[in-house]
Amino acid sequence: MTKSTRLLLIGPPGAGKGTQAGILAATYAIPAVSTGDIFRSNVKNETELGLRVKAIMAAGEYVPDSVTNAVVENRLGESDTAAGFLLDGYPRTPDQVHELDRMLSAQGTALDVVVLITADTDEVVSRLLKRAVVEGRADDTESVIRHRLALYEEQTAPLIDLYEKRNLVVAVNGLGAVDDVTSRIVAALAAKGILAPAA
Ligand code: AP5
């Protein structure tokens with residue numbers, strides 16, 4: 001493994017970011033930092049932050065940048081991220097990219113690779129409707145899923161260009177078995193010189 005590994009997973013809702021983040025975090029021995037998980041845990045525990053974001057999330061809107069940036073800055077200030085991390089679901093807006101750049105440059109670091117997980121709309125809608133039955137996530141109704149996808153296309157997909165200009169993006173097909181998607185990501189990272197630590 002490189003001395004430290006700073007990864008970002010990007011892709012539409014339902015592409016498999018959270019699923020892959022968990023596996024990759026274990027594989028590369030780095031913490032996964034998921035803004036969605038952090039917000040959901042706050043909603044569940046009815047914290048001040050949770051009460052603030054609950055309705056926003058249920059509607060499939062983005063939490064305001066100032067709130068999200070503060071959450072991430074706080075998390076990346078924790079010692080377990082010093083040797084690397086995997087961001088899942090952040091940044092999603094130009095302001096968040098700017099703020100992440102600022103946070104990392106203040107530490108003298110930067111992202112190493114941006115993994116774009118691709119999946120077509122029919123597949124992600126079908127996955128999220130299945131998850132609705134199993135997990136009952138408030139934002140997994142069909143109308144909210146479609147809104148989340150539209151918001152992704154409008155606000156987050158344009159960030160891929162920006163990271164492509166920095167030569168950081170590897171695109172990985174998110175269709176097929178979870179293990180196959182993981183293998184594709186691991187191969188794409190290896191091609192960028194990022195290897196899992198020896199077991
Ligand atoms: P977040 O939790 O990040 O939701 P999302 O981006 O909509 O992504 P999902 O969790 O729905 O999908 P995923 O790509 O992680 O796929 P997953 O692995 O779960 O954000 C939720 C909300 O929080 C946002 O809408 C917003 O309100 C707020 N928020 C978060 N970050 C924010 C930010 N930066 N700025 C502002 N607001 C923010 O998989 C989906 C399903 O598919 C699962 O059931 C899974 O088991 C299944 N699956 C996964 N892989 C496969 C496969 N290969 N084959 C079949 N099924 C699969």
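Order of appearance sets the numbers: ligands from 1, and atoms from 1 within every ligand. By convention here, the first residue in the shown sequence is residue 1.
The nearest heavy-atom contact from the protein to atom 23 (O) of ligand 1 is Met57 CE, 3.3 Å. Residue, atom and distance of the protein heavy atom nearest to atom 28 (C) of ligand 1 are Phe39 CD1, 3.9 Å. Scanning all protein heavy atoms for the shortest distance to atom 48 (N) of ligand 1 gives Arg127 CD, 4.0 Å. Scanning all protein heavy atoms for the shortest distance to atom 16 (O) of ligand 1 gives Gly16 N, 3.1 Å.
Within the structure, ligand 1 has Arg137 among the residues with a heavy atom less than 4.0 angstrom away. Remark: distances from the non-hydrogen atoms of Gly176 to ligand 1 include one below 4.0 Å.
For Ile56 against Tyr62, the heavy-atom pair with the smallest separation is CG2-O, 3.5 Å. Between Arg92 and Thr156, the shortest heavy-atom distance links the atoms O-OG1, 2.8 Å. Nearest heavy-atom pair, Ala196 versus Tyr28, reported as atom, atom and distance to 0.1 Å: N-CE2, 3.5 Å.
Close approach to Gly14 involves these atoms of ligand 1, each under 4.0 Å from a residue heavy atom: 9 (P), 11 (O), 12 (O), 13 (P), 14 (O), 16 (O), 40 (C). For ligand 1, the atoms lying closer than 4.0 Å to a non-hydrogen atom of Tyr90 are 34 (N). Listed by number with element, the atoms of ligand 1 under 4.0 angstrom from any heavy atom of Gly18 are 13 (P), 15 (O), 18 (O). Interface atoms of ligand 1 facing Pro12, defined by a heavy-atom separation under 4.0 Å, are 14 (O). Atom numbering of ligand 1 starts at 1 in the shown order; those under 4.0 Å from a heavy atom of Arg148 are 5 (P), 7 (O), 9 (P), 11 (O). Against a heavy-atom cut-off of under 4.0 Å, Thr68 is close to the following atoms of ligand 1: 33 (C), 34 (N), 35 (N), 36 (C). The ligand atoms of ligand 1 that sit less than 4.0 angstrom from a heavy atom of Thr35 are 30 (C), 31 (N), 32 (C), 34 (N). Close contacts of ligand 1 with Thr19, meaning ligand atoms under 4.0 Å from a residue heavy atom, involve 17 (P), 18 (O), 39 (O), 45 (C), 49 (C).
The shortest N or O to N or O distance between Gly89 and ligand 1 is under 3.5 Å. Ligand 1 has no N or O atom lying under 3.5 Å from any N or O atom of Leu128, backbone or side chain. In terms of polar-atom proximity, Ala15 is counted as a contact of ligand 1, with an N or O under 3.5 Å from an N or O of the ligand. For ligand 1, one of its N or O atoms has an N or O atom of Glu61 under 3.5 Å away. For ligand 1, the polar-atom distance check finds an N/O of Val63 within less than 3.5 Å of one of the ligand's N/O atoms.
Tested against Asp139, the residues Arg148, Lys54, Arg146 include a single salt bridge (charged side-chain N to carboxylate O under 4.0 Å, His left out) partner, Arg148. When each of Val113, Val115, Leu24 is checked for a side-chain contact (heavy atoms from CB on, under 4.5 Å) with Leu86, only Leu24 meets the rule. Of the candidates Asp95, Thr35, Leu100, Asp95 is the only one forming a side-chain contact (heavy atoms from CB on, under 4.5 Å) with Asn69.
With respect to the salt-bridge test (charged N to carboxylate O, under 4.0 angstrom), the residues Asp140 and Lys130 do not qualify.
Within the 4.5 Å cutoff, the side chain of Leu76 has no heavy atoms near those of the Arg6 side chain.
Residue nearest to atom 19 (O) of ligand 1, selected from Arg40, Arg131, Lys17: Arg131 (by heavy-atom distance). Compare Arg92, Gln155, Gln96 by their heavy atoms: the one nearest to atom 1 (P) of ligand 1 is in Arg92.
For residues 33-44, the salt bridge (Lys or Arg N to Asp or Glu O under 4.0 Å) pairs, not counting sequence neighbours, are Asp37-Arg40.
Within a 6.0 Å radius of CG in Asn45, other residues, nucleotides and ligands contribute more than 12 heavy atoms. Within a 6.0 Å radius of CZ in Arg137, more than 12 heavy atoms belonging to other residues, nucleotides or ligands are found.
With no hydrogens or angles considered, no side-chain donor-acceptor pair links Asp112 and Thr5 at under 3.5 Å.
Taking Ile, Leu, Val, Met, Phe, Trp and Tyr as hydrophobic and joining them when side-chain heavy atoms fall under 4.5 Å apart, one finds Val134 isolated, its cluster having no other members.
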